[in-house]
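The sequence lines fix the lettering, A, B, ..., with proteins before strands; numbering per chain opens at 1. Computed from a predicted model, the values in this text were never measured in an experiment.
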Protein chains: 4
Amino acid sequence: MPRAERERQMLDAAVRVFGERGYRAASMDEIAELAGVSKPLVYLYLNSKEELFTACIRREAQALVAAVRAGVRTDVAADRQLWDGLTAFFAHTAEHPDGWAVLHSQARSGGEPFVAEVGVARDEIVAFVTALIAEAAGEAHQDPVRAEREVAGLAQAVVGAAEALAGWANTDPSVSAREAATTMMNFAWSGLGNLMAGRRWSVPS
Amino acid sequence: MPRAERERQMLDAAVRVFGERGYRAASMDEIAELAGVSKPLVYLYLNSKEELFTACIRREAQALVAAVRAGVRTDVAADRQLWDGLTAFFAHTAEHPDGWAVLHSQARSGGEPFVAEVGVARDEIVAFVTALIAEAAGEAHQDPVRAEREVAGLAQAVVGAAEALAGWANTDPSVSAREAATTMMNFAWSGLGNLMAGRRWSVPS
Amino acid sequence: MPRAERERQMLDAAVRVFGERGYRAASMDEIAELAGVSKPLVYLYLNSKEELFTACIRREAQALVAAVRAGVRTDVAADRQLWDGLTAFFAHTAEHPDGWAVLHSQARSGGEPFVAEVGVARDEIVAFVTALIAEAAGEAHQDPVRAEREVAGLAQAVVGAAEALAGWANTDPSVSAREAATTMMNFAWSGLGNLMAGRRWSVPS
Amino acid sequence: MPRAERERQMLDAAVRVFGERGYRAASMDEIAELAGVSKPLVYLYLNSKEELFTACIRREAQALVAAVRAGVRTDVAADRQLWDGLTAFFAHTAEHPDGWAVLHSQARSGGEPFVAEVGVARDEIVAFVTALIAEAAGEAHQDPVRAEREVAGLAQAVVGAAEALAGWANTDPSVSAREAATTMMNFAWSGLGNLMAGRRWSVPS
DNA sequence: AATGAATGAGAGTTCATTCAT
DNA sequence: TATGAATGAACTCTCATTCAT
């Protein structure tokens, strides 16, 4: 069996085990067994537990970012872009719960190297959202030089809210990606105040 | 030394070590040493690593919930209540970074028993926010029977956004609890759409 | 059982196993079993295989040097001092074959840290012999400023010859320490040329 | 590439790695890589790590013995023969430090099979020296039936001293083969006693 | 109330060795 | 002739936990 395919198998198994157990509690034995190979082969291809986990983080992060990017067309309005991105995000996390667990829960509790690794991907998403907000602000011809810091905070809040909703949606399988994205847009775009006043958001045509 | 005080010392040490290292990577040796007692005493008082971690989660969760509760007066408007709660929340997490790390990062990656334990506290906060939203909806005389499910989703998003902002604020010490709370209210209460339109939120008098 | 005694037991076992198998081939399992304790205890007291081996080298080297020193009186002639030292040396190595194996064979093949460690003790012995030779040269009123380098070479040769004879004597148990020392003195003190001419050396009265 | 040459490459690499690391610490991976071939080929040609090490010992031992033999003419006086042999010995060990390390340090700590293997070559050298001493004794018309045992002891001492000087000379590159051989002859042939009395040895004409 | 002494179980990692090609 | 792919077995080291005092 060619090396590339074996490596994919190993990463699949590793993502699953790391996602379920966490970095420390996962054992290389279990990963190797789930991948259907011997432990030494895992070491031959991926060098160490740390590198294996890093490789998992990297692969899952890139897949998630790619999925979001693929879901967004840049030639539409900002709210539509945000809605498309959120839909893609919720769909991807729902389809890859272990990958999402690795990124969201496990990588963050594993200490420096992993936090940094997952931070890179998160920053990419945050940058995407930041650009959207800035663009929307431009569209609205409002205060074009909004303080970077405020926009950064808002982007963090958007991403955090989306992450929380992803966890919520993954817990309750009856929640679809569309519903999660709609809730998110209602929350983020309209604001609770508007919602309370009866003004809700809907997908722009 | 009386038992209660010894136990507090141990929990302090445990929260610190668990917060920094995570459940699995933390060692009872290090906790005992940091607490200034021998390991058997830790076992005598707290029985096992699992129970010790559970005790940490419980104590820190109660402290956080209590802090938020203490910051909120129930005889004011909903947005004011939310703002007060957020301010208390950000202030508390900033003052207890290890406790916050235990609740936010570490407990979630430790598997079933701990996730459930921290879930209880989170649900309490979510319930608080849910009640606020429902109350606000009532105040606004809008759609008084808003679907529970939608409100639940919104509450999750609010809490998630607040958690993300807490992480952001703890990373950058120049961000005060007030600033984080303001960003949060601008985001959540006014909504991005309103912000873009130049309508921003400010602390109600 | 008190810690000091346990540590001695462990070192005894370690010297035996290291002496027989060598540093790499020795297993901590075997050492622990021979010492009659569990492996973790060995690690608790001696930290690592490397430190354990270093402790063995140090203990055995000090014992050997002490034995040689104890066998020599400094108020007698140089040849007598040399003979006494050699006798003590051969007696000690014969009584502690594993310790001698650790110092002579195993420590030298284990790489930098151990070579350096055993080098310290060897240098002490070489310095002792160097001083003897220098003193003898002084006694004989000959060339009092003999080049340090030549004396150093001679001392190396003396120690090397003694080491070889120790190995030879340990292999053949019928060779006593006295006989080895006598052979050594005949060789070193009289020289092969004198031996060939029928002049041999005998213990000075 | 013809088999013989490949084998030589492998032995060269093996001697280098074994010399530096020792038998156990050397890895077949490193040897194969240094030899520029794949691991299975090493096994195809040399069967096992043990046989490979044995082959190294044998080759290096034969090379050393051959070098000493080549340096000695048997039609000269015994002291001259010894001096010639020592010069050749020191020159060879200086030129082949890894081979010398294999023979002197590594083979001795590897347990039975290797000790025996290197013992064969050592015995050959010892026999050569023994014959020299016996011949010299005959030349000197002294006690022609000197006890074998004593001669054997002397030969061991000579070889041991030479080995020690080889190590000394290899450590300090400013020591030439000639100087080491001269020191050795002064020590062994004249004896320390004579040296002290001002009688030194010089190369016989 | 408190601890020094001790361990069973299991972790990550490495290595000599073999097979199919 | 030569190798990429693969592994069984063994190693060092760690840790939660307990007992005797």
Exercise. Would you kindly give the CZ-to-C1' distance between C:R6 and E:dG4, to the nearest whole Å?
Key: 13 Å
Quiz item: With a 4.0 Å cut-off on heavy atoms, is C:A25 in touch with a base, just the backbone sugar-phosphate, or nothing at all?
Solution: nothing
Exercise. Using a 4.5 Å cut-off on heavy atoms from C-beta on, say whether the side chain of B:I57 contacts that of B:T54.
Key: no
Practice problem: Could you tell me whether C:E163 and C:R108 have a side-chain N and a carboxylate O separated by less than 4.0 Å? | Solution: yes
Self-check item: Length of the line joining D:Q9:CD and F:dA2:C1', which is rounded to integer Å
Solution: 14 Å
Quiz prompt | Nearest-nucleotide 5' precedence on DNA chain E, C:R3 against D:M28 | solution = C:R3
Quiz item: Do A:R3's NZ or CZ and the ring of A:Y45 fall within the cation-pi criteria of under 6.0 Å and 45°?
Solution: yes
Practice problem: Strictly below 4.0 Å, heavy-atom distances to any atom of DNA chain F: list the hits from residues 41-56 of chain D, or just say none. | Solution: D:L41, D:Y45
Exercise. Treating a pair as Watson-Crick (purine N1 to pyrimidine N3 plus N6-O4 or O6-N4) or G-U wobble (N1-O2 and O6-N3) with both distances under 3.5 Å, list the stems of 3 or more consecutive pairs that involve DNA chain E.
Key: E:2-21 with F:2-21
Quiz item: Roughly, in whole Å, what's the span from CZ in A:R24 to P in F:dT14?
Solution: 11 Å
Practice problem: May I have the distance from A:Y23 (atom OH) to E:dA11 (atom P), rounded to whole angstrom? | Solution: 14 Å
Quiz prompt | Which residue lies more 5' along DNA chain E, comparing B:G36 with C:V37 via nearest heavy atoms | solution = B:G36
Quiz item: Can you tell which of F:dG8, E:dT3, E:dT7 lies closest to the side chain of A:P40?
Solution: F:dG8
Exercise. Walk me through it: do A:W100 and A:H96 pass the test ring pair (Phe, Tyr, Trp, His ring centres under 6.0 Å)?
Key: CA-CA 6 Å; A:W100 175 243; A:H96 303 86; over 10 Å; no
Quiz item: Under the 6.0 Å and 45° cation-pi test, does A:R24 pair with B:Y23?
Solution: no
Exercise. Can you label the angle between the D:F114 ring and the D:F53 ring as parallel, tilted or perpendicular, going by 30° and 60°?
Key: perpendicular
Practice problem: May I have the distance from A:M10 (atom CE) to F:dT7 (atom C1'), rounded to whole angstrom? | Solution: 12 Å
Quiz prompt | Ion pair check, A:K49 and A:E30, cut-off under 4.0 Å | solution = no
Self-check item: D:R58/D:E51 ion pair, N-O < 4.0 Å
Solution: no
Quiz item: Looking for any heavy atom pair under 4.0 Å, which part of the strands does C:A32 touch: base, sugar-phosphate only, or nothing?
Solution: nothing
Exercise. Return the value, rounded to whole Å, for the distance between atom CG of A:D29 and atom C1' of E:dG12.
Key: 9 Å
Quiz item: Rounding to a whole Å, what distance do you find between C:E33:CD and F:dA10:C1'?
Solution: 15 Å
Practice problem: Let me know the distance between CD of D:E30 and P of E:dT14, rounded to the nearest Å. | Solution: 14 Å
Practice problem: Go through the N and O atoms of the side chain of A:K39 and the base of E:dT13, and report whether any donor-acceptor pair is under 3.5 Å. | Solution: yes
Quiz item: Are side-chain heavy atoms of A:C56 and A:L11 found at a separation under 4.5 Å?
Solution: yes
